Amino acid sequence: MARLSVNIDHVATIRQTRRAKAPDPVHAALQAELAGAHGIAVHLRGDRRHVQDRDVEILRKVSQSRLNLAMAAVQEMVRIALTVKPDQVTIVPERRDEITIEGGLDVILNSVQLKPIIRTLIGGGINVGFFIEPDLEQIKEAHRIGALSVEINTGSYVDANSARSKEETLNKIKDAARLGRKLGLSVHAGHGLDYLNVGRIASLTEIEELNIGHSIIARAVLVGMERAVREMLAEMHQCR
Ligand code: PXP
């Protein structure tokens with residue numbers, strides 16, 4: 001079964017609506033780990049709309065699983081990553097006015113800017129990857145410029161609204177994952193996955209890790225974090 005990395009950004013979103021202390025995403029992370037999550041993911045945005053620097057720093061100290069920091073390819077975030085030393089950095093595109101990430105990074109277009117950033121982060125002992133579309137050319141370029149992993153955006157599969165486009169997008173993800181593995185990359189996937197749509201993605205043996213946030217936090221608000229994580233793990237387990 002793939003590892004489950006739980007993205008806890010939206011626990012911080014609830015906290016930031018009041019600029020209060022609770023709910024603390026650190027508590028949520030520890031509960032997710034107790035329920036069996038293999039990793040914790042946070043996206044530290046330039047505008048700090050949800051996760052704060054202190055969250056990432058404390059998580060690094062107390063989390064007992066893999067810490068994955070999603071961040072834009074900017075010097076401010078590179079400095080933070082080199083200080084905090086997460087296990088994984090996932091470089092994502094970021095636009096200030098977006099509600100959530102809108103698509104994968106264009107590694108081909110931005111390779112000149114991305115290559116030295118990757119090198120610096122890997123030099124700091126961090127596993128670095130890109131969040132990209134299921135596109136073979138993007139996978140090849142990620143590998144060419146030195147990434148150690150890729151996270152394939154599952155958004156197009158999630159949003160596909162006919163059986164045919166579901167199959168097509170699933171096949172693209174499968175081909176991209178296969179190529180990634182063939183090139184020696186760790187292959188992760190995520191975005192928009194929930195309890196109903198996770199099955200076929202979780203069944204792809206090339207994918208080592210799923211990154212799931214909103215659906216787990218949305219359920220956790222109603223049933224508690226531990227149950228929400230256990231139920232997602234059960235869904236993932238059923239499919240392999
Ligand atoms: N992968 C990356 C790179 C992310 O930044 C996020 C959070 O936006 C996710 C996966 C999780 O997406 P979702 O919250 O839709 O499950």
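Both ligands and their constituent atoms are indexed starting at 1 by order of listing. Because the structure is a prediction, the values reported are computed rather than measured. Here, residue 1 is the first one in the sequence, and each next residue gets the next number.
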Check: Gln138 main-chain N/O paired with Asp135 side-chain donor or acceptor under 3.5 Å:
yes
Using 4.0 Å as the upper bound for N to carboxylate O, is an ion pair formed by Arg66 and Glu209?
yes
Is it true that Asp87 and Arg60 have a side-chain N and a carboxylate O under 4.0 angstrom from each other?
yes
Enumerate, atom names and distances included, each donor-acceptor pair closer than 3.5 Å involving a side-chain atom of residues 211-221, sequence neighbours excluded.
| from | atom 1 | to | atom 2 | distance (Å) |
| --- | --- | --- | --- | --- |
| Asn211 | OD1 | Ser5 | OG | 3.4 |
| Asn211 | ND2 | Glu151 | OE1 | 3.1 |
| Ser215 | OG | Leu193 | O | 2.9 |
| Arg219 | NE | Glu231 | OE1 | 2.5 |
| Arg219 | NH2 | Glu231 | OE1 | 3.0 |

As a quick check of understanding, evaluate side chain to side chain donor-acceptor pair (under 3.5 Å) for Ser149 and Gln88, giving each step before the final call.
CA-CA 9 Å; Ser149 61; Gln88 167 86 38; 2.9 Å; yes
Between Glu94 and His43: side-chain donor-acceptor atoms closer than 3.5 Å
yes
Under 4.0 Å from ligand 1, counting heavy atoms only: the protein residues, by chain and number:
Asn7, Val92, Thr100, Ile101, Phe131, Glu151, His191, Gly192, Asn211, Ile212, Gly213, His214
